[in-house]
Visitor: 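Got a structure here, written out as structure tokens. Questions coming.
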Amino acid sequence: MPRQDRQPQPSPPPRPAAAARLSRRALLAAGAFALLAACRGGSAGTATEATPVSRGSQSPATRPAPTGAASPQPTTSPSTAPGTPQVTGPQVFYQWGFANDPVSHDFNANRYCGGEPELWAGLLTLTPDFEPVADWAEAWSASSDGLTWTFRLRPNNRGWSNGDPVTAHDFVWSWQRKLAPETAAPDAPLLYDIVGAREIHTAGAPPETLGARATDDWTLDVALTGPSPRFLVIIASVAGFPAHRPSVERYGERWTEAGNCVSNGPFLLTRWEHGVAFEIARNPNYWDAARVTLDRCITPILPLDLGLRPYDDRQVDYIAVARPDLPVVRNSPNLSRQLGRTVEAAVWCLIPQVTVPPFDDVRVRQAISRAIDRERIVQITEGRAHGATSLMPVGMPGHFDDAEIVQIQQFDVDAALAHLDDTPFAGGQNWPPLTLTMRRSDPDAELIANDVISQLRENLGLNLSLDILEPDDFEAAVQAHQPALIWLRWWFHYPDPHNGYGDLFAPEDPLPRRLAWEDPTYTDLVRRAREESDPAARLDLYRQCEQTLQNAAVYIPVAYPVTWYLFKPWVTGIPTNSQGDWLPRGELFTRMKARLRIENRPEA
């Protein structure tokens with residue numbers, strides 16, 4: 001399910017005192033616990049022939065290889081992998097970003113577990129530009145009607161960290177587990193494109209009715225309810241991660257604890273001292289292990305109120321920069337060279353409830369849409385926001401920022417007031433008391449919401465009060481269509497326009513309709529776009545969706561959240577998209593550490 005203002009790590013409170021005491025030297029010196037081997041049988045099958053729509057290369061990007069490892073070496077020595085430059089020195093990375101101890105590392109059951117995504121690998125993975133490329137599937141093809149996808153897994157592998165093969169059966173079982181009602185996986189509806197998935201999840205249908213079949217160990221056939229171009233990017237995100245069945249069945253909810261956890265991604269879990277730190281090491285059995293440079297990654301659990309201290313003290317090799325620290329960092333000759341940004345996969349927007357006066361009048365909605373100066377928002381947030389021009393954020397497929405789209409809601413106070421000329425609010429007069437309702441969120445969101453209120457007062461004479469609700473109260477109010485004007489942060493769970501235009505504004509049952517607005521013509525556009533296989537034609541349909549929403553001012557794009565990061569100068573290979581933005585750890589692109597390397601780290 002797409003999230004609204006969901007915190008990335010909903011987990012128990014950490015033990016900050018213990019976390020704060022950790023030094024980089026102490027973390028490095030800490031010993032790793034041995035993994036317990038879980039046994040699983042499996043035999044190699046003969047893959048059926050298929051004409052691939054796409055065949056992945058051995059690696060989505062050339063990455064250098066390690067000279068040593070903290071765990072057994074793969075068959076192909078990383079130091080001799082072709083096309084990879086040599087690196088020297090310990091390949092140990094100190095990861096920031098965990099203020100709380102993970103609930104688990106079980107993304108298959110809980111997308112919000114707050115764990116380490118690079119323990120896992122699906123059939124496909126995403127590039128920094130959110131294109132699906134090969135992971136455990138080396139080739140994939142679609143039937144002519146788009147209703148069946150066939151995935152060819154890498155044969156005769158021993159890809160699980162205990163040496164078990166990664167097979168088609170693993171994905172069938174893992175998807176059945178995600179959909180089982182007793183699992184209560186929050187993102188299970190993302191698999192509803194698969195035949196039988198909805199019935200399993202909502203009505204408890206037998207798991208074997210799922211339209212995913214392992215025809216042999218290395219071939220997976222997936223039957224869809226209809227053509228679905230988004231399916232590949234869904235399974236390339238964390239929604240497609242598998243779980244190791246023998247470990248789940250042996251250890252239950254504790255199967256991702258250190259010593260129990262068997263993973264199939266670039267890394268394996270070697271140590272987890274709860275509330276203090278966890279450590280991962282390169283998985284020698286991963287199919288692309290020869291191009292993973294890092295030997296180890298140590299992640300301390302550090303409270304956010306420490307500011308930049310962990311970075312200054314070299315406890316971590318990268319860190320997000322809070323708004324108050326940005327001017328200092330930018331003015332520092334050294335730190336400014338270590339600074340880069342990420343436009344998050346989210347949008348802040350206003351949602352006028354079209355059934356509630358005065359927002360039932362399209363002219364009022366259009367006036368509000370043109371009375372917001374988005375560049376001012378960028379300035380007051382010290383660049384921690386990027387002015388929004390459309391629903392999809394910068395860097396994601398379906399982002400529109402051309403002149404025709406931008407002019408619809410472009411900031412223009414005179415044009416905004418002109419929309420009110422023939423309304424009871426002409427000249428910015430006679431407004432009733434109104435409220436902007438938002439979910440309790442981060443300080444940047446509240447700062448921007450308050451500035452929007454100020455702008456609407458200055459430019460339209462509109463007096464809004466801000467009502468900040470706790471998450472459950474906010475969700476209940478929105479579901480009941482009570483707030484007249486909603487402040488919404490919409491996070492994207494997969495990088496496809498349907499996750500916005502469809503899931504937010506034209507959801508399919510049983511997804512709840514959060515908004516009162518409905519338009520049969522718009523819904524038909526969304527349906528056609530969801531099934532359109534031609535990329536250009538599909539993008540044009542979503543462009544029509546954007547124009548429909550903006551012309552009716554059904555939503556008002558305000559800004560995309562931006563996070564600024566510092567990376568130590570000895571960290572190289574930082575993933576970067578075609579816009580030049582960094583992509584650290586996240587729910588969509590999940591291969592940061594598999595691409596990083598350490599070069600010339602100075603002695604402590």
Visitor: Is a donor on one side and an acceptor on the other found under 3.5 Å between the side chain of Asp581 and the backbone of Thr342?
Guide: no
Visitor: What I'd like to find out is whether the side chain of Asn283 reaches to under 4.5 Å of the side chain of Pro266, using heavy atoms alone.
Guide: no
Visitor: Can you list the residues that meet the salt bridge (Lys or Arg N to Asp or Glu O under 4.0 Å) rule with Asp402, with sequence neighbours excluded?
Guide: Arg543
Visitor: So does Gln410 get a backbone contact from the side chain of Arg370, meaning a donor-acceptor N/O pair under 3.5 Å?
Guide: yes
Visitor: Check for a donor-acceptor pair, side chain of Thr590 on one end and backbone N or O of Glu118 on the other, with a separation under 3.5 Å.
Guide: no
Visitor: So that I know where these two stand, are Phe130 and Tyr494 an aromatic pair - ring centroids less than 6.0 Å apart?
Guide: no
Visitor: Please report the closest heavy-atom contact between Met438 and Leu466, naming both atoms and the distance.
Guide: SD-CD1, 3.8 Å
Visitor: Taking the side chain as every heavy atom from C-beta outward, state whether Cys545 and Val526 have any pair of such atoms under 4.5 Å apart.
Guide: yes
Visitor: After noting the C-alpha distance and the side-chain angles of Leu391 and Glu546, does the key distance pass the side-chain contact (heavy atoms from CB on, under 4.5 Å) rule?
Guide: CA-CA 7 Å; Leu391 189 61; Glu546 182 69 43; 3.6 Å; yes
Visitor: How about Tyr542 and Phe400: are their ring centroids closer than 6.0 Å?
Guide: no
Visitor: Taking the six-membered ring for Trp and the single ring otherwise, decide whether the centroids of His105 and Trp120 are under 6.0 Å apart.
Guide: no
Visitor: Please give me the minimum heavy-atom distance between Ile377 and Ala559, naming the atom from each residue.
Guide: CG2-CB, 4.3 Å
Visitor: Taking the six-membered ring of Phe93 (Phe, Tyr or Trp), confirm whether the NZ or CZ of Lys593 is under 6.0 Å from its centre and within 45° of its axis.
Guide: no
Visitor: Indicate the atoms forming the closest heavy-atom contact of Leu485 with Leu350, along with that distance.
Guide: CD1-CB, 4.3 Å
Visitor: Does either side chain, that of Asp101 or that of Trp272, offer a donor lying less than 3.5 Å from an acceptor on the other one?
Guide: yes
Visitor: Could you tell me whether Arg591 and Asp135 make a salt bridge, using a distance below 4.0 angstrom between a side-chain N and a carboxylate O?
Guide: yes
Visitor: Taking all heavy atoms of Pro300 and all of Ala277, pick out the closest pair and write down the distance.
Guide: CA-CB, 3.9 Å
Visitor: Any heavy-atom pair between the side chains of His386 and Arg341 that's under 4.5 Å?
Guide: yes
Visitor: Using the rule given for side-chain contact (heavy atoms from CB on, under 4.5 Å), can you reason through Tyr286 versus Asn264, listing the C-alpha separation, both sets of side-chain angles and the distance that settles it, and then say yes or no?
Guide: CA-CA 6 Å; Tyr286 180 57; Asn264 74 330; over 6 Å; no
Visitor: Less than 3.5 Å apart, any donor N or O on the side chain of Asp193 or Ser228 sitting next to an acceptor on the other?
Guide: yes
Visitor: Check each of Phe567, Tyr565, Tyr318, Phe589 against Trp582 using the ring pair (Phe, Tyr, Trp, His ring centres under 6.0 Å) test, and report the only one that passes.
Guide: Phe567
Visitor: Could you give the distance from CG (Leu302) to OH (Tyr94), rounded to the nearest 0.5 Å?
Guide: 13.0 Å
Visitor: May I ask you to test the Pro102-Cys113 pair for a side-chain heavy-atom distance under 4.5 Å?
Guide: no
Visitor: Do Arg323 and Asp444 make a side-chain contact, defined as non-hydrogen atoms from C-beta onward lying under 4.5 Å apart?
Guide: yes
Visitor: Using only atom types and a distance under 3.5 Å, with no angle test, would you say the side chain of Gln409 pairs donor to acceptor with the backbone of Tyr555?
Guide: yes
Visitor: How about Asp472: does its CG atom have over 12 heavy atoms from other parts shown lying under 6.0 Å from it?
Guide: no
Visitor: To the nearest 0.5 Å, tell me how far Cys297 SG sits from Leu269 CG.
Guide: 11.0 Å
Visitor: Under the rule for side chain to side chain donor-acceptor pair (under 3.5 Å), what residues qualify as partners of Asn450, not counting sequence neighbours?
Guide: none
Visitor: To the nearest 0.5 Å, what is the distance between CD1 (Ile280) and OG1 (Thr270)?
Guide: 8.0 Å
Visitor: Thinking salt bridges, do Asp442 and Arg384 make one under a 4.0 Å N-O criterion?
Guide: no
Visitor: Working to the nearest 0.5 angstrom, can you tell me the gap between Phe241 CZ and Ser174 OG?
Guide: 12.0 Å
Visitor: Taking the side chain as C-beta and beyond, is there a heavy-atom pair between Val316 and Gln95 under 4.5 Å?
Guide: no
Visitor: Are side-chain N/O atoms of Tyr112 and Glu587 paired as donor and acceptor at under 3.5 Å?
Guide: no
Visitor: Ignoring hydrogens, what is the shortest heavy-atom contact between Pro495 and Pro397? Give both atom names and the distance.
Guide: O-CG, 3.6 Å
Visitor: Using a strict threshold of under 4.0 Å (side-chain N to carboxylate O), is an ion pair present between Arg111 and Asp187?
Guide: yes
Visitor: Can a side-chain donor-acceptor contact be found between Thr437 and Asp467 if the only test is distance below 3.5 angstrom?
Guide: no
Visitor: Before you tell me yes or no, could you show the steps for Ile556 and Cys349 under side-chain contact (heavy atoms from CB on, under 4.5 Å), namely the whole-Å CA-CA distance, both residues' side-chain angles and the distance that decides it to 0.1 Å?
Guide: CA-CA 5 Å; Ile556 299 166; Cys349 58; 5.9 Å; no
Visitor: Would you find a donor on one side and an acceptor on the other, under 3.5 Å apart, between the side chain of Ser263 and the backbone of Phe267?
Guide: yes
Visitor: Given 3.5 Å as the limit, does a donor-acceptor pair link the side chain of Thr127 with the main chain of Glu131, or not?
Guide: yes
Visitor: Does the side chain of Glu116 come under 3.5 Å of the side chain of Thr299 through a donor N or O and an acceptor N or O?
Guide: no
Visitor: Can you see whether Asn499 engages His493 through a side-chain donor-acceptor pair at a distance of less than 3.5 angstrom?
Guide: no
Visitor: Would you find a donor on one side and an acceptor on the other, under 3.5 Å apart, between the side chain of Arg597 and the backbone of Trp570?
Guide: no
Visitor: Do NZ/NE/NH1/NH2 and the carboxylate oxygens of Glu532 and Arg538 come within less than 4.0 Å?
Guide: no
Visitor: With rounding to the nearest 0.5 Å, note down the distance linking OG1 in Thr576 to CZ in Arg595.
Guide: 9.0 Å
Visitor: Specify the closest pair of heavy atoms between Val347 and Ser390, including all atoms of both residues, with the distance to one decimal.
Guide: CG2-O, 4.4 Å
Visitor: Is there a donor-acceptor pair closer than 3.5 Å between any side-chain N or O of Arg601 and the backbone N or O of Glu599?
Guide: no
Visitor: Treating Arg314 as the side-chain partner and Pro310 as the backbone partner, does any N or O pair qualify as donor plus acceptor under 3.5 Å?
Guide: no
Visitor: Tell me yes or no: between the side chains of Glu375 and Gln379, is some donor less than 3.5 Å from an acceptor?
Guide: no
Visitor: Compute the centroid of each ring, for Phe171 and then for Trp136, and state whether the two points are separated by less than 6.0 Å.
Guide: no
Visitor: Check whether any side-chain heavy atom of Leu588 sits under 4.5 Å from a side-chain heavy atom of Met396, and report yes or no.
Guide: yes
Visitor: Looking only at side-chain N and O atoms, does Gln455 offer a donor or acceptor that is under 3.5 Å from a partner on Asp451?
Guide: yes
Visitor: Is Val92 close to Ile298 at the side-chain level, that is, under 4.5 Å between some pair of heavy atoms?
Guide: yes
Visitor: Can a salt bridge be assigned to the pair Arg330 and Glu382 using a cut-off of 4.0 Å between side-chain N and carboxylate O?
Guide: yes
Visitor: Can you classify the ring geometry of His399 versus Tyr560 as parallel (below 30°), tilted (30 to 60°) or perpendicular (above 60°)?
Guide: perpendicular
Visitor: To the nearest 0.5 Å, what is the distance between CG (Leu326) and CG (Asn331)?
Guide: 10.5 Å
Visitor: Do Leu596 and Met592 pass the side-chain contact (heavy atoms from CB on, under 4.5 Å) test, and can you show the C-alpha distance, the side-chain angles, and the key distance before you say yes or no?
Guide: CA-CA 6 Å; Leu596 295 180; Met592 178 184 78; 4.0 Å; yes
Visitor: Counting N and O atoms only, with roles assigned by atom type, does the side chain of Gln550 sit under 3.5 Å from a partner on the main chain of Gln547, one being a donor and the other an acceptor?
Guide: no
